[in-house]
**Student:** 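Starting off with a structure, shown below.
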Amino acid sequence: MELATPLSSRTLENLRCGQEVFLTGVVYTARDQAHVRLAAALRRGAKLPFELKGSIIYYCGPTGTPKGKVIGSCGPTTSRRMDALTPLLLSKGVAAMIGKGNRSSEVRRAIKRHKAVYFVACAGCGALISTYVQEASVVAFNNLGPEAVQRLRVERLPLVVAIDSRGKSVYKD
Amino acid sequence: MRSIPSRKITDAVSRLCMQANFELRRDVLRALRRAQAAEKNSRARRMLEAIVTNAAVARRERLAICQDTGLPVVFVELGQDARVAGDLKKAIVKGVEEGYRKGCLRDSIVGDPLKRGRPGFTPPVLHIDIVPGNKITLAVLPKGFGCENKTQLAMFNPTASWRRIKDFIVGAVKAAGPDACPPYVVGVGLGGTAEYACLLAKKALLRKIARPRLQGAGSTRRLEKELLAAINKLGIGPMGLGGATTALAVSIGTYPTHIAGLPVAVSISCHALRSAKATL
Ligand code: SF4
């Protein structure tokens, strides 16, 4: 199934865990330290580097960009490490997340509550995934190095729905 | 005494960092292909195919196999009749810095475990051993942390049954679950002391994955087979999405230990098991 951003609430609600999709559009990279900073900014009421509402967060910290390439290797990182701050971001309107591996039951409940979706990308396949990225630019936290927030435009990125908006998971616990 | 210029060591380490990160080990690739041919689950087959394709893209484009280019662990076997002209440790650190920079590999190392800070490329973790001869062998293992975080150590009683030990090892893989990029290669260290068991487990990951018909000789090889079968019954599968391939191999390293104990360490590697070795 083909998906294009922004994902409508209808599209999100129709996705079912285990389904394989191809995503085209914009995603934002954010991992551990970027999550801490986003959460701090939210608590302070400060302006965020990108609009969370309707956004897709990709747990990813790419390598450096080789000459002549759009981006370096850029596969997903372990999602569980972001679990503690995920319910907060979902409550601010994040529509979907892309990562690898299972999530906590709190995250699963928050996904259900906010009718969001959690996708997994091909883990450990960063070189392959880089071939689906058409544009990349740092939008915040440049001093975090690989953990900076980048805006990526992806074309037909293959994903699997791991937790759907009903809170159903592809993983057995 | 044979003299080895430190520059040669730096160049070799730099090259090995890039080789390890760009070129998936042939034995790992072969094991992945074997698993792909044997899988009955069609999604698992496709996931394995993506992993094999990823390795091909990485090799062709000189891109890192995985964006987590790891914490580089460097194993050094220094011949006692070799003399390094210059500073051995500095030469290795410089090689890592150069290789990671040149290869556009990731700066994943923070200078302080608590304060964290801006990440850089170094330092690597070094294990230096003195061996007979006048050569120096360098092996670089960029260890990704998704799987490193799943490491387990247990100090068993000397009278513990194999069954309990086996449950612990299989349990460690079960605990890693879908999170650390299965299919795994599982390194196991049996014996020594606590820290030595961990080193044995890590070093076991450097061992070449044998073809099935070459496996099975010797008692440790039998245990590896038994563990692999038990792990693959877990059904975690490639990417954790189910299938018969939860691990590609189990590799055990052993060492004598104390009458009062039995340390058991499990070091898990993701499918992106990368290492490269050279002898100077
Ligand atoms: S566990 Fe391995 S394959 Fe997975 S992201 Fe980490 S280094 Fe890459």
Side-chain angles (χ1 to χ4, degrees), chain A residues 17-20 29 31-33 36 58-81 83 99-103 120-132 141-148 158-162 169-173, chain B residues 21-22 24 43 46-47 49-69 100-110 116-121 144-147 149-150 176-183 234-236 238-242 270-273:
Chain A
C17 80
Q19 207 175 332
E20 295 179 18
T29 68
R31 46 174 290 159
D32 309 67
Q33 302 299 333
V36 171
Y58 180 24
Y59 304 138
C60 172
T63 62
T65 306
K67 231 190 166 134
K69 297 247 184 297
V70 172
I71 195 167
S73 192
C74 57
T77 193
T78 313
S79 307
R80 239 182 232 284
R81 294 197 315 273
D83 279 357
K100 70 168 167 101
N102 208 350
R103 311 299 305 258
V120 288
C122 231
C125 297
L128 179 62
I129 291 178
S130 77
T131 64
Y132 301 106
F141 316 143
N142 201 14
N143 61 348
L144 289 179
E147 297 203 54
L159 302 171
V160 177
V161 177
S169 169
V170 76
Y171 302 116
K172 351 174 224 193
D173 278 307
Chain B
N21 275 294
F22 296 154
L24 189 63
R43 166 131 69 198
R46 268 180 291 132
M47 292 297 157
E49 190 181 338
I51 296 170
V52 170
T53 308
N54 179 65
V57 173
R59 183 183 287 264
R60 188 181 66 227
E61 305 284 326
R62 310 275 295 161
L63 273 169
I65 294 160
C66 178
Q67 76 289 338
D68 182 357
T69 54
Y100 268 63
R101 195 173 289 286
K102 198 161 154 216
C104 277
L105 304 176
R106 199 173 71 181
D107 41 352
S108 312
I109 318 300
V110 286
R116 316 300 293 179
R118 176 77 158 95
F121 296 115
F145 253 58
C147 51
N149 282 339
K150 306 297 182 184
D179 296 353
C181 303
L234 291 172
I236 297 168
M239 309 285 168
L241 296 171
C270 50
H271 59 75
L273 170 52

**Student:** Mark yes or no for whether A/Asn102, through its side chain, and B/Asp179, through its backbone, hold a donor-acceptor pair below 3.5 Å.
**Tutor:**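 The answer is no, because no donor-acceptor pair under 3.5 Å joins these two groups.
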
**Student:** Counting only heavy atoms not in A/Asn142 (residues, nucleotides, ligands), do more than 12 fall under 6.0 Å from its CG?
**Tutor:**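 No.
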
**Student:** I'd like to know if the side chain of B/Asn54 and the backbone of A/Gly124 have a donor-acceptor N/O pair within less than 3.5 Å.
**Tutor:**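 Yes.
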
**Student:** Do you know the tightest heavy-atom contact between B/Leu63 and A/Pro66?
**Tutor:**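 Taking every non-hydrogen atom into account, CD2-CG, 3.8 Å.
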
**Student:** Between the side chain of B/Gln67 and the main-chain N/O of A/Gly75, is any donor-acceptor distance below 3.5 Å?
**Tutor:**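 Side chain of B/Gln67 to backbone of A/Gly75: a pair is present.
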
**Student:** For A/Tyr171 versus B/Pro178, what's the shortest heavy-atom pair and its separation?
**Tutor:**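 Nearest pair, atom of A/Tyr171 first, then B/Pro178: CE2-CB, 3.4 Å.
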
**Student:** For A/Cys125 and B/Met239, which heavy atoms make the closest approach, and how far apart are they?
**Tutor:**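 Smallest interatomic distance, heavy atoms only, reads SG-CE, 4.1 Å.
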
**Student:** Quick check for you: among B/Pro182, B/Ala56, B/Ala50, which has the greatest number of heavy-atom pairs under 4.5 Å with chain A?
**Tutor:**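 The option with the most such pairs is B/Ala50.
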
**Student:** Using the rule side-chain contact (heavy atoms from CB on, under 4.5 Å), only one of B/Ile51, B/Val52, B/Thr53 pairs with A/Leu128; which is it?
**Tutor:**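 With A/Leu128 as partner, B/Ile51, B/Val52, B/Thr53 yield a single side-chain contact (heavy atoms from CB on, under 4.5 Å), made by B/Thr53.
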
**Student:** Where on B/Asp68 is there a heavy atom nearer than 4.5 Å to chain A: the side chain, the backbone, both, or neither?
**Tutor:**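 Neither part.
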
**Student:** Out of B/Met47, B/Arg43, B/Arg62, B/Arg116, which one racks up the most heavy-atom pairs below 4.5 Å with chain A?
**Tutor:**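 Max contact count across the listed options: B/Arg43.
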
**Student:** Distance from B/Asn149 atom CG to A/Arg80 atom CZ, nearest 0.5 Å?
**Tutor:**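 Going from CG on B/Asn149 over to CZ on A/Arg80, the span is 11.5 Å.
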
**Student:** Has B/Arg106 got a side-chain atom pairing as donor or acceptor with A/Ser73's backbone, closer than 3.5 angstrom?
**Tutor:**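 Looks like no, no N/O pair under 3.5 Å.
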
**Student:** Checking heavy atoms, do the side chain of A/Pro62, its backbone, both or neither come under 4.5 Å from chain B?
**Tutor:**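 A/Pro62 touches chain B through backbone heavy atoms alone.
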
**Student:** Looking only at heavy atoms and a cut-off of under 4.5 Å, which of A/Ser79, A/Ala162, A/Pro146 has the most pairs with chain B?
**Tutor:**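 Result: the option with the highest number of such pairs is A/Pro146.
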
**Student:** Where does B/Arg60 contact chain A at under 4.5 Å (heavy atoms): side chain, backbone, both or neither?
**Tutor:**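 Looking at B/Arg60, nothing touches chain A.
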
**Student:** Under 4.5 Å heavy-atom distance to chain A, tell me which part of B/Cys181 shows up: side chain, backbone, both or neither.
**Tutor:**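 For B/Cys181, the contact with chain A is made by backbone and side chain together.
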
**Student:** Given that the side chain runs from C-beta out, which part of B/Ala55 has a heavy atom under 4.5 Å from chain A: side chain, backbone, both or neither?
**Tutor:**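 Neither part; nothing is under 4.5 Å.
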
